[in-house]
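A short write-up of the structure that comes next.
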Amino acid sequence: MMSDRARRFGIGYALAPKKQQSFIQLSLINLAKERGIDLIRIDLSRSLLEQGPFDCIIHKLYGEEWKSQLEDYSSKHPGVCIIDPPDAIERLHNRISMLQVVTELQVPQKTETFGIPKQIVIYDSPALSNPAALDGLNFPVIAKPLVADGSAKSHKMALVFNRDGLLKLKPPVVLQEFINHGGVIFKVYVVGEYVKCVTRKSLPDISEEKLDTTEGSLSFSQVSNIPTQDRSEDKNENYYESMKTEEVEMPPISFITEIARGLGRAMGLKLFNFDVIRDVKVGNRYLVIDINYFPGYAKMPDYENVLTDFFWEIVHPKPEEDKSEARKPVPVKDNCF
């Protein structure tokens, strides 16, 4: 029988073409190979049951047909780890249920505290002109599509400064109160038990004066990435050019790690990231504003080593008696770690 040391392990991946191009880079493939792990592309034109063998399947595909294929494969190959469970991933497709899990976390809050911005859902256009429907929400607000499925449409967001700006929106839409956060967003990448926090430029703070003089709304593709043309037309251009995110004070890593691992356990997910901002009015108050499944890991420092270590842990599970609380299996089919 081939020893565990000599045996090679197969990680099947099912990703959309754009995701595959960014994630499955030669550097990752080669490093995994050195560790005895082969990354195998799953042919989406063929039945999953006809392919393999796999020791693990990672994926970022949606739809009932793919979900059914995963369930069939898992039932016939219960020893294969599926990362991550489709039902758990679907929770992140709704911007309300996405952040609800944050409010339910049982994480010690001492010097630092965390939560989410106040937000509501508007399901129909008449409600946009009804002050009572806003439930006391303060302007400016960020308008986001209720559905967050990774499509181009789901990334169409707007910063709305007043009620007139609301009338241009197309429900269903989530209105999230904008919090001044020093123009910096903290992106927290999670890979199993690994947690990495990095800084990115975000929307500049909005003064009361600017709020009073700005009309309507400002569209942007992503909250953490304002289009260049918008920056050049804004009075804050010099602010963006001069700001160095590497000089920004980072949140305490122990605090962020507690939140990350708490989210992973609560959601039953191993591959995700979440965006955090620091409230400038309450310097030790952090707000989670977004959670994404299987993010752009290639943007994360040293992503090849991090992912290869993760794959290694997946195919070399610890003995049952050595598993910590954080590594207890989650429903997918209780076959990971």
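As a basis for the values below, the full set of heavy atoms in this structure was taken, side chains included, without hydrogen atoms, waters or symmetry mates.
At a threshold of 4.0 Å, the pair D309-R35 counts as salt-bridged, since one of the basic side-chain nitrogens sits closer than that to a carboxylate oxygen. Salt bridge present: R7 and D55 bring a charged side-chain N and a carboxylate O closer than 4.0 Å.
Of the candidates I96, I122, V173, L146 forms a side-chain contact (heavy atoms from CB on, under 4.5 Å) with just one, namely I96.
Under a 3.5 Å cut-off, the side chain of Q176 and the backbone N or O of I142 do not form any donor-acceptor pair. In terms of modelled atom types and a separation under 3.5 Å, the side chain of H77 and the main chain of Y73 share no donor-acceptor contact. Listed for the K33 side chain is no donor-acceptor partner under 3.5 Å among the backbone atoms of L39. The backbone N or O of Y286 sits nowhere less than 3.5 Å from a side-chain atom of D279 that would complete a donor-acceptor pair. N94 places no side-chain N or O within donor-acceptor distance of the main-chain N or O of V147, the cut-off being under 3.5 Å. A donor-acceptor distance shorter than 3.5 angstrom exists from the side chain of H59 to the backbone of D84, with no hydrogens or angles considered. In this structure, E112 contributes its side chain and F255 its backbone to no donor-acceptor pair below 3.5 Å. The backbone N or O of S47 lies less than 3.5 Å from a partner atom in the side chain of Q51, making a donor-acceptor pair. Side-chain atoms of R46 come within 3.5 Å of backbone N or O of E50 as a donor-acceptor pair. Formation of a donor-acceptor pair under 3.5 Å by the S97 side chain with backbone atoms of R91 is found in this model.
Looking only at side-chain heavy atoms (C-beta outward), Y189 and Y194 stay at 4.5 Å or farther from each other. Residues V174 and I120 fail the side-chain proximity criterion, which asks for heavy atoms closer than 4.5 Å. Residues T308 and L31 are in side-chain contact: their nearest non-hydrogen atoms beyond the backbone lie under 4.5 Å apart. The shortest distance between side-chain heavy atoms of F274 and N292 does not fall below 4.5 Å. Using a 4.5 Å heavy-atom threshold, the side chains of P301 and V198 count as touching. You'll find the side chain of C56 reaches within 4.5 Å of the side chain of I83, heavy atoms only. Counting only heavy atoms from C-beta outward, the side chains of D275 and R200 never approach each other to under 4.5 Å. Looking only at side-chain heavy atoms (C-beta outward), L26 and N30 come within less than 4.5 Å of each other.
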Apply ring-ring contact (aromatic ring centres under 6.0 Å, His included) to H93 and Y293, showing your working. CA-CA 9 Å; H93 291 175; Y293 180 66; 8.8 Å; no
Evaluation steps, side-chain hydrogen bond (donor to acceptor under 3.5 Å, both in side chains), between E71 and S68: CA-CA 5 Å; E71 290 174 348; S68 178; 5.1 Å; no
Evaluate R95 against D290 for salt bridge (Lys or Arg N to Asp or Glu O under 4.0 Å), listing each step before the verdict. CA-CA 8 Å; R95 295 191 190 278; D290 202 10; 3.7 Å; yes
How far apart are the C-alpha atoms of D87 and K67, what are their side-chain angles, what is the distance that settles it, and do they pass the salt bridge (Lys or Arg N to Asp or Glu O under 4.0 Å) test? CA-CA 9 Å; D87 287 343; K67 181 178 178 181; 2.6 Å; yes
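If you chain together hydrophobic residues whose side chains sit under 4.5 Å apart, V280 and L203 never meet in one group. Linking Ile, Leu, Val, Met, Phe, Trp and Tyr residues whenever their side-chain heavy atoms come within less than 4.5 Å places L61 and I42 in a single cluster. Note: the hydrophobic cluster containing F311 also contains I29 (ILVMFWY, side chain heavy atoms under 4.5 Å, direct or indirect links).
The nearest pair of heavy atoms linking S75 to D72 is OG-O, 2.7 Å.
For an aromatic pair to be called close, the ring centres must be under 6.0 Å apart, and F294 with F23 satisfies this.
Within a 6.0 Å radius of CD in Q25, more than 12 heavy atoms belonging to other residues, nucleotides or ligands are found. Under a cut-off of 6.0 angstrom, the local environment of CD in Q106 is sparse, with at most 12 non-hydrogen atoms contributed by other residues, nucleotides or ligands.
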